[in-house]
Amino acid sequence: MLNLSYWMPTKIFYGKGCVEENKDYFSSLGKKCLIVTGKSSAKRSGALDDVIRALGAGHISYEIFDEVEQNPLLSTYFRAGEKAKEIGADFLIGIGGGSPLDAVKSAAVFAANDFADRMEIYQPPYPNRPLPCVLVGTTAGTGSEVTQYSVLTVDTTDGKPGRKQTVKPLFADACFGDYRYTQSLPERFTISTALDAFCHCIESYFSTKADTLSELFAREGAKLLLDVFLDLPKDGQFTPKQREKLYAASIYGGLAIARTGTCYCHAMGYFLSEEYEVPHGTACAVFLPSFLKLGCETEGKKADQLLFELDIRLSELCDVVENLTDFTPFPLSEEQREELYRLWSSSDKFSTSPGEFTIEDAKALMDEIFPVA
Ligand code: NAP
Ligand code: FE
């Protein structure tokens, strides 16, 4: 469908040295900020030092909340928000992969509001506008920099795994994309985050919500990713050019899913991260070959255009994804399956998947991939 309407309120500062070059931007947001990060990657990547230098130039004081874990919990987002309130922050900066970036988007809501119950984060619009927030990415995958989503895991007290739920719409005010911050990302995470970006591009491309612009973003991202996938470094050392391609592709993927959302690979992949610590991108990619086949079967013309531009056959593309997906299926009991089917029965990511994908299709796919315990 031809649709060129466009609204994406996040200002994108992009390229090598973009934090230093645009340091005046921070002064426009206030005099005090909370920086939200994971354990160590903000420092290791060099991004934290650059941000601190930029804040210093604008005489902006800051404190750091460095407690964001992978697949972060709602309670962590809440604590970051409380910390921002406590120090009287005017704005927040998230530095890291999808986890800290998603955390800071929700923390900005908590910082500006006094909810009786934390779950009110799921009921926008909020009484007060979230504090301004700025994102500095250090992985090339989620595209969280440019999406309105903040994925959080809801805490549980009964020993059951917490489930991921997405808060929206929470676009950041600005993001800084300097691919050099991804250089320190180990090979394993480079691949899994790149697979996340690839899933975003492919799921968005075949989504029933796809339109002219989302398809353009998705194809562009997929092309850049495939360039790297077909020329992987033997020693795990990605070149700066490859890092740049991966980072740019993650932004294209983010722009694409900001319009369409993701499809069943994401819905079905979540439990592998929630319960088995499979990295998010790898978890979603487990279901991608089947999704690619379904998309190509049901959307022939669109599929031809994609495969033509990627210059690859469907079977070869599925092989590329399978070879990169570092995952060995394990047995799942009937009880575990039933619990997942209950969860998925209300998933809106099934109805936007191509080919009228239903819970029955999901069951068949699970049986194909996972042996019965
Ligand atoms: P992540 O969970 O943010 O980070 C994974 C690991 O990589 C962490 O150990 C992190 O260390 C480390 N790391 C990050 N950058 C590094 C660097 N430059 N050098 C060395 N180590 C680095 O991973 P992610 O895949 O980017 O994010 C996954 C999360 O994003 C999931 O919760 C997923 O659900 C969510 N997600 C969000 C969206 C969206 O649109 N908002 C889309 C897809 C996925 P530290 O712990 O020290 O930081
Ligand atoms: Fe994702």
Side-chain angles (χ1 to χ4, degrees), residues 8 10-23 25 41-51 53-54 94-101 134-147 172 174-202 204-205 213 216-258 279-282 285 306 309-312 320-321 324:
M8 211 294 285
T10 307
K11 196 171 176 61
I12 305 176
F13 296 103
Y14 183 78
K16 208 164 145 181
C18 60
V19 172
E20 158 71 17
E21 263 168 38
N22 299 286
K23 55 181 183 282
Y25 176 78
S41 65
K43 228 180 176 28
R44 237 181 315 156
S45 62
L48 182 62
D49 285 347
D50 284 356
V51 167
R53 253 195 309 278
I95 307 177
S99 299
L101 301 195
V134 176
L135 311 178
V136 183
T138 67
T139 63
T142 68
S144 178
E145 291 92 327
V146 294
T147 70
C175 68
F176 288 85
D178 183 336
Y179 69 86
R180 294 176 308 168
Y181 300 145
T182 67
Q183 199 77 49
S184 54
L185 192 65
E187 184 184 14
R188 174 169 172 260
F189 278 115
T190 303
I191 299 287
S192 68
T193 50
L195 282 171
D196 187 22
F198 199 62
C199 287
H200 294 166
C201 292
I202 300 297
S204 173
Y205 187 73
L213 274 184
L216 269 175
F217 292 142
R219 278 199 306 271
E220 211 46 46
K223 270 192 272 183
L224 289 171
L225 286 158
L226 194 62
D227 270 359
V228 179
F229 291 165
L230 293 177
D231 188 24
L232 286 177
K234 303 245 171 332
D235 57 0
Q237 299 296 315
F238 292 82
T239 64
K241 193 77 217 154
Q242 289 179 312
R243 291 284 180 189
E244 186 172 16
K245 282 185 182 177
L246 293 175
Y247 192 77
S250 77
I251 297 296
Y252 278 123
L255 292 169
I257 60 166
H280 169 69
T282 303
L306 177 72
E309 287 196 25
L310 296 182
D311 194 17
I312 195 164
V320 170
V321 172
L324 288 174

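As the structure is a prediction and not an experimental result, all values here were calculated from the model.
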Could you report the tightest heavy-atom contact between [X] and [Y], atom names first, then the distance?
| X | Y | answer |
| --- | --- | --- |
| I95 | L48 | CD1-CD1, 3.8 Å |
| Y205 | A218 | CB-CB, 3.9 Å |
| G17 | R180 | N-NH2, 3.2 Å |
| L324 | L195 | O-CD1, 3.7 Å |
| I202 | A222 | CD1-CB, 4.5 Å |
| T147 | A258 | CA-CB, 4.3 Å |

Once rounded to the nearest 0.5 Å, what's the spacing between atom [atom1] of [X] and atom [atom2] of [Y]?
| X | Y | atom1 | atom2 | value |
| --- | --- | --- | --- | --- |
| T282 | R188 | OG1 | CZ | 7.0 Å |
| S204 | Y252 | OG | OH | 14.0 Å |
| C201 | E220 | SG | CD | 9.5 Å |
| S45 | L185 | OG | CG | 9.5 Å |
| F176 | F13 | CZ | CZ | 4.5 Å |
| L255 | M8 | CG | CE | 5.5 Å |

If you define the side chain from C-beta out and look only at heavy atoms, does anything of [X] sit under 4.5 Å from [Y]?
| X | Y | value |
| --- | --- | --- |
| T182 | T139 | no |
| L101 | E145 | yes |
| V146 | C175 | yes |

Requested in this report: Taking T10 for its side chain and A172 for its backbone only, find out whether a donor-acceptor pair lies under 3.5 Å.
Outcome: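 Pair found, side chain donor or acceptor close to backbone of A172.
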**Report entry** Under 3.5 Å donor-acceptor, Q183 side chain and F238 backbone
**Finding:** yes
**Report entry** Residues Q242, Y247; criterion side-chain hydrogen bond (donor to acceptor under 3.5 Å, both in side chains); working and verdict
**Finding:** CA-CA 9 Å; Q242 289 179 312; Y247 192 77; over 6 Å; no
Query raised in the report: Would you find more than 12 non-hydrogen atoms of other residues, nucleotides or ligands less than 6.0 Å from Y179 atom OH?
Result: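 Atom OH in Y179 is crowded, with more than 12 foreign heavy atoms closer than 6.0 Å.
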**Report entry** K43 atom NZ, over 12 foreign heavy atoms within 6.0 Å
**Finding:**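 No - once you tally the heavy atoms of other residues, nucleotides and ligands closer than 6.0 Å, there are 12 at most.
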Report task. Assess whether salt bridge (Lys or Arg N to Asp or Glu O under 4.0 Å) is satisfied between E20 and R53, documenting all intermediate values. Result -> CA-CA 8 Å; E20 158 71 17; R53 253 195 309 278; 5.1 Å; no
Requested in this report: Applying side chain to side chain contact (heavy atoms under 4.5 Å, CB included), run through L226 and I312 and close with a yes or a no.
Outcome: CA-CA 10 Å; L226 194 62; I312 195 164; 4.1 Å; yes
Report task. Just do the side chain to side chain contact (heavy atoms under 4.5 Å, CB included) check on L225 and K245 with the steps written out, would you? Result -> CA-CA 7 Å; L225 286 158; K245 282 185 182 177; over 6 Å; no
Query raised in the report: How far apart are the C-alpha atoms of Y25 and V134, what are their side-chain angles, what is the distance that settles it, and do they pass the side chain to side chain contact (heavy atoms under 4.5 Å, CB included) test?
Result: CA-CA 10 Å; Y25 176 78; V134 176; 4.0 Å; yes
Query raised in the report: Any luck finding a side-chain donor-acceptor pair between Y14 and D178 under 3.5 Å?
Result: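 D178 and Y14 do not have a side-chain donor-acceptor pair below 3.5 Å.
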Query raised in the report: Does a donor on one side chain sit under 3.5 Å from an acceptor on the other, for T190 and R243?
Result: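 Side chains of T190 and R243: pair found under 3.5 Å.
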